[in-house]
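Single-structure report; data block below.
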Amino acid sequence: MNQYPILVEKVSRSFDGPPVVHNLSFSVKPGSIYGFLGRNGSGKTTTLRMLAGLIKPQSGDVRVMGNNPFTFGAAERQWLGYMSEKAIIPAYTKIQQVLTLGRELYPTWDNALAESMLAKYGLSPKKRFMTLSQGNQRLLSFIVAIAPRPRVLLLDEPAANLDVVARREILDDILDLIRDCGCTVLFSTHILSDVERVADEIGILAKGSLQVSETLDSLKDTIRQVRFFGFKNGLPDAAIPGSFRTVRSKEEITVTLRTNSLTHPETLAQNWSCQQETRALSLEDIFVELSRN
Amino acid sequence: MKQFWSLFKFQTKINPFIWFMPIAFGIPLFIPTLVTSSVSGSYHPGFYSLFTGQNLIFVGIFGTMVLAPEKFQFGGTNIASGYYGSEFMLTRAIDRPVLYRAKAAVLYLLVLSMPIIVVLTSLQNPDLIVSEYAKPVQQLCLAQVPGSTMLPATNSKTSPSLISIPRGSVLVAMWQLWMLVVVAITLQLLLMFLYPLRYGKWAFWVLYFGLIFIPLFDIGTVSHGMPSINERLFFSFSGHQTLYWILTAGIFTVTQLWCERRFAQLEQ
């Protein structure tokens, strides 16, 4: 088996139009939490649906626990938990019926966990899914995704439509789960505070392509916004290597870039005979800059 | 087998309202039984065309709702996902062919429950005496329906000829059951064939409504004094019931296996 529980290699996918996901590659280490960031329509859900085995990539390769998820049978699917961004549990079914199905299909189904979470959030097993509030529908979807004790957990916007308190509680439960079983989590979101609280690694997706994929600390340490001004020989025309976004005016250039030996702001300022001002970016700033790119 | 029963039970509960529909749609199936008396009855409802009218309305609606709502029901995949749980089921620990088998079992339960009740009901008053005006149909009936005999008309000038058919009521009920089985098999094939096509949904519903409205124009039902195709088929079934059922079972098995494999390869 491949060492990465989740592996996406050069994957592209379109739906009767331009590619929704284009040449996407990333991997998630065992036991880590990977935060998948992107604006609405950036390709997050399509990627998760490919990983869940609902759709196939048109090119490239998707692997979950070393195998193609589209060909998974019951045995392989026992280890894959999936929570859709939509309310996909049948509307008229009762919570109890959903839990019974889980118990019957999953040998590893943790009924105590499911029932304790229902009790924790005050959900009666007799209620029908359609009668639950949006927040409680998300909670039940989450319970159903984690109760089988999966090895890989795919969560598509898990905290969407939840109030702030419920969102925090859900994320705490995700952390508890990982501490308990060391499962690998990939969760997509556009709520940055969620990512900052839990993710070990972050991928930022924009227009179907991955802009960055690394740890939060590395991201914050290496991506900078630099303003170059006071040019003695006029503005340079050359593109700046490693830049994500460049804004030029008559007298200055503002660049969001990854700093390294070649693109160190001071080195660039020396080469261009200008002054520079470097600003560290928050995750939100980085996300906005990369998404605007 | 355990997985099948779990999925089957769950599928029956996904939309409780569909269980009211067999009653509404099944009432017409009782017509032959209802019009049967100790004196005379009718096999004429058995002449309804196989793929038109109530059979198709009934099976077509259930088929799309149960087998592939996310593709063939209107309202988009969001509604289908929510109401029928297609995406939910496919992301559980299941084997896709077994899920399809469970769905098909629910469809057959929905479609065949009423016809089976009609068959059982017909056993209480199995024999049938039918009135038949058309000579060619009389001859066909006497030639092909086992045990059928002419009875003298009550008034040779004004009354139609009467034909006595031993276990005729059962025969008509079995014919209705067989027709619905054939329509359900055909529908399975059609849905799974059209599913991956870009305009599959529209192709299906155009065909569906086309077939429903064809009888309004009397296409295929005009007999010009000769037995129609439907009448010939009915009498042929009467004479070769065992063969028909064996062939149908074979076609059903092959269709079911093909559909299960096809379903396993479809994107949602």
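This is a predicted model, so every value here is computed, not measured. For the numbers below, each heavy atom of this structure counts, side chains included, while hydrogens, waters and symmetry mates do not. In what follows, chains are A, B, ... by sequence order, proteins preceding strands, each numbered from 1.
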Go through the atoms of B/Leu266 and report whether side chain, backbone, both or neither lie under 4.5 Å from a heavy atom of chain A. backbone
Segment of B/Arg96 engaging chain A (4.5 angstrom heavy-atom cut-off): side chain
Honestly, the part of A/Tyr106 sitting under 4.5 Å from a heavy atom of chain B is side chain
For each of [options], tally heavy-atom pairs with chain B at distances under 4.5 Å, and name the one with the top tally.
| options | value |
| --- | --- |
| A/Gln97, A/Gln78, A/Glu76 | A/Gln97 |
| A/Leu101, A/Thr93, A/Leu80 | A/Leu101 |
| A/Pro69, A/Ala74, A/Gly53 | A/Ala74 |

Do you see a donor-acceptor pair shorter than 3.5 Å between the side chains of A/Asp156 and A/Thr45? yes
Under the side-chain contact (heavy atoms from CB on, under 4.5 Å) test, which residues partner A/Arg39, sequence neighbours left out? A/Phe287, A/Ser291
Between B/Tyr208 and B/Trp205, how do the two ring planes meet: parallel, tilted or perpendicular, split at 30° and 60°? perpendicular
Nearest heavy-atom approach of B/Thr91 to A/Arg77 is CA-NH1, 3.9 Å
Any ion pair linking A/Glu9 and A/Arg63 (charged N to carboxylate O, less than 4.0 Å)? no
